[in-house]
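Report on one structure; see the data block that follows.
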There are 2 protein chains.
Amino acid sequence: MLKYQQIAIEIESYIEKHQMQQGEKLPVLESLMKEFKTSKSTIVKALDLLEKKGIIFQVRGSGIFVRRKKRNNYINLLSNQGFQKDLDQFNITSEMLELEIQKPTETVAQNLHVDMDQDIYYVKRIRYIEGNTLCLEESFFNKAIVPYLNNEIGTSSIFRYIEDALSLKIGFSDMYMHVGKLIDQEASYLQLKGGDPKLTMESIFYLTNGTPFDYSKVTYNYNQAQFYILGTGI
Amino acid sequence: MLKYQQIAIEIESYIEKHQMQQGEKLPVLESLMKEFKTSKSTIVKALDLLEKKGIIFQVRGSGIFVRRKKRNNYINLLSNQGFQKDLDQFNITSEMLELEIQKPTETVAQNLHVDMDQDIYYVKRIRYIEGNTLCLEESFFNKAIVPYLNNEIGTSSIFRYIEDALSLKIGFSDMYMHVGKLIDQEASYLQLKGGDPKLTMESIFYLTNGTPFDYSKVTYNYNQAQFYILGTGI
DNA sequence: CAGTGGTCTAGACCACTTC
DNA sequence: AAGTGGTCTAGACCACTGA
């Protein structure tokens with residue numbers, strides 16, 4: 001664990017433990033430097049990390065203040081802000097519908113940057129949140145990167161498997177979202193009606209070295225599709 | 001203009017000008033330091049800024065690479081990634097429906113952190129993108145911070161007015177979104193039908209010093225509600 | 001004008017990738 | 001082993017806030 005990450009975690013825990021409210025002031029840089037026995041830059045880097053996560057905001061000439069979101073029951077759209085902790089606060093389970101090795105369609109081949117004759121893992125799941133249908137998810141994994149998947153991995157967390165068991169490092173993602181109407185087949189999976197609203201999210205996930213390994217298309221139940229984003233900078 | 005911001009802009013222009021593609025390599029840190037006659041930290045800071053904006057990604061031990069989004073016709077959800085440049089690429093206009101001074105409702109008072117007897121500017125607008133109805137927007141501005149608004153400001157850019165004319169600095173925002181069905185009144189504004197899908201986005205905007213000055217509720221036309229996010233970190 | 005955060009430097013050392 | 005990005009330090013100086 002790097003020093004600045006460790007410091008960030010400790011400051012965040014401190015805020016949590018003391019139930020600090022929006023606008024409450026944290027100790028000044030000078031104090032933090034002494035407390036953590038480190039240089040100014042390292043503290044600044046830790047604080048920048050917390051600012052990016054939406055935990056604090058810094059005001060030049062004034063101080064460092066706590067920032068807190070106000071609503072629960074909303075899911076964080078940028079999981080990097082919450083280090084996956086956010087989804088853990090909900091009880092999310094998966095039901096596997098299909099899991100097989102396929103050749104990619106043209107769209108999939110393009111998004112995963114593979115040839116049409118390479119193998120792809122196709123995973124189709126329904127995900128539940130607190131027992132309600134959250135979304136229908138179709139994912140395509142580049143088999144050259146994720147050589148093996150099974151039912152057990154699919155019903156728990158594929159990403160955790162990729163990071164822990166395959167020790168690959170996930171880097172960044174492109175996400176595209178739009179709103180539309182459910183077709184009958186989608187509706188039946190989500191226990192809704194054809195023509196009901198849907199939120200579709202297409203994502204491409206990359207390893208830290210820039211290789212795309214997962215293209216996924218997720219159709220959300222509009223009753224559960226509640227997201228928040230803590231924006232930094234306008 | 002700060003040095004690291006200037007450098008970031010120049011690197012971004014370079015990428016743009018040379019039409020560099022996803023995965024193309026930029027010069028190494030050493031070269032950039034020499035080229036911009038500056039220290040390593042400053043270059044690193046400029047690159048971190050570009051990484052946060054989704055323009056590049058850095059791979060330790062390997063290099064600095066260009067990142068490019070693939071789809072057009074999608075609106076950037078995090079305008080901080082694009083410095084407002086993103087919306088400028090579309091032709092967006094506004095039609096003012098209402099503009100008046102009111103007392104806040106309880107919800108508004110809470111979100112803007114004002115008392116129930118303080119004055120609020122209420123602004124109701126329809127926004128168009130390339131001539132099509134994009135959204136119906138209701139905004140509430142704290143009059144103590146934004147003391148004056150008129151039709152002209154409202155039909156152009158209220159935020160630009162706040163930053164330029166009032167010289168206030170906008171800091172960060174909380175955004176909450178969910179999907180639902182249009183009620184008849186909303187539908188008529190958006191030239192859609194009652195029961196059609198809608199995306200609702202509630203935002204609270206804060207100045208850099210943490211004071212909330214704008215609470216807005218935006219109902220998007222589902223035909224135009226196409227957003228993208230360039231995620232960094234998972 | 002004192003207090004506080006932000007930028008910038010020069011350099012040491014570390015961790016990862018690539019050959 | 002060489003190349004490349006990442007962390008960390010110590011300190012100078014700058015820019016903004018608020019009493």
At less than 4.0 Å, is any side-chain N or O atom of [X] found next to OP1 or OP2 of [N]? Yes or no.
| X | N | answer |
| --- | --- | --- |
| A:Thr42 | D:dT9 | yes |
| B:Lys45 | C:dT7 | yes |
| A:Lys3 | D:dT9 | yes |
| A:Ser62 | C:dG5 | no |
| A:Thr38 | D:dT9 | yes |

What is the distance, rounded to the nearest whole Å, between atom [atom1] of [X] and atom [atom2] of [N]?
| X | N | atom1 | atom2 | value |
| --- | --- | --- | --- | --- |
| A:Ile56 | C:dG5 | CD1 | P | 10 Å |
| B:Leu2 | D:dC14 | CG | C1' | 10 Å |
| B:Tyr4 | C:dC8 | OH | C1' | 11 Å |
| A:Met33 | D:dT9 | CE | C1' | 10 Å |
| B:Asp48 | D:dT7 | CG | C1' | 12 Å |
| A:Phe65 | C:dG5 | CZ | P | 8 Å |
| B:Arg60 | C:dC16 | CZ | C1' | 6 Å |
| A:Glu51 | C:dG6 | CD | C1' | 11 Å |

Open item on the list: When you measure from the side chain of A:Lys103 to the backbone of A:Asp117, do you find a donor-acceptor pair of N or O atoms at a distance under 3.5 Å?
Closed with: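 Judged by distance alone, yes, a pair lies under 3.5 Å.
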Open item on the list: With a 3.5 Å distance limit and no angle check, can you tell me whether A:Ser156 reaches the backbone of A:Glu152 through a side-chain donor-acceptor pair?
Closed with: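 Between the backbone of A:Glu152 and the side chain of A:Ser156 there is a qualifying donor-acceptor contact (under 3.5 Å).
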Task: Residue whose closest nucleotide on DNA chain D lies nearer the 5' end, B:Lys169 versus B:Ile64 - done: B:Ile64
- [ ] Give B:Leu47 one of three labels, base, sugar-phosphate or nothing, depending on what nucleic acid heavy atoms sit under 4.0 Å from its own.
- [x] nothing
TODO: Using a 4.0 Å heavy-atom cut-off across all strands, classify B:Val44 as base, sugar-phosphate, or nothing.
DONE: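 Touches nothing.
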Task: Salt-bridge contact B:Glu137-B:Lys124 (side-chain N to carboxylate O under 4.0 Å) - done: no
Task: Side-chain heavy-atom pair B:Phe141, B:Ile158 within 4.5 angstrom cut-off - done: yes
TODO: Please evaluate the base of C:dG6 for a donor-acceptor partner in the side chain of A:Lys40 within a cut-off of under 3.5 Å?
DONE: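 It does, because a donor-acceptor pair links the side chain of A:Lys40 to the base of C:dG6 below 3.5 Å.
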Task: Residue mapping more 5' on DNA chain C - nearest nucleotide basis, A:Ser41 or A:Val28 - done: A:Val28
Task: Residue that, paired with B:Asp174, satisfies salt bridge (Lys or Arg N to Asp or Glu O under 4.0 Å) out of A:Arg71, A:Arg67, A:Lys69 - done: A:Arg67
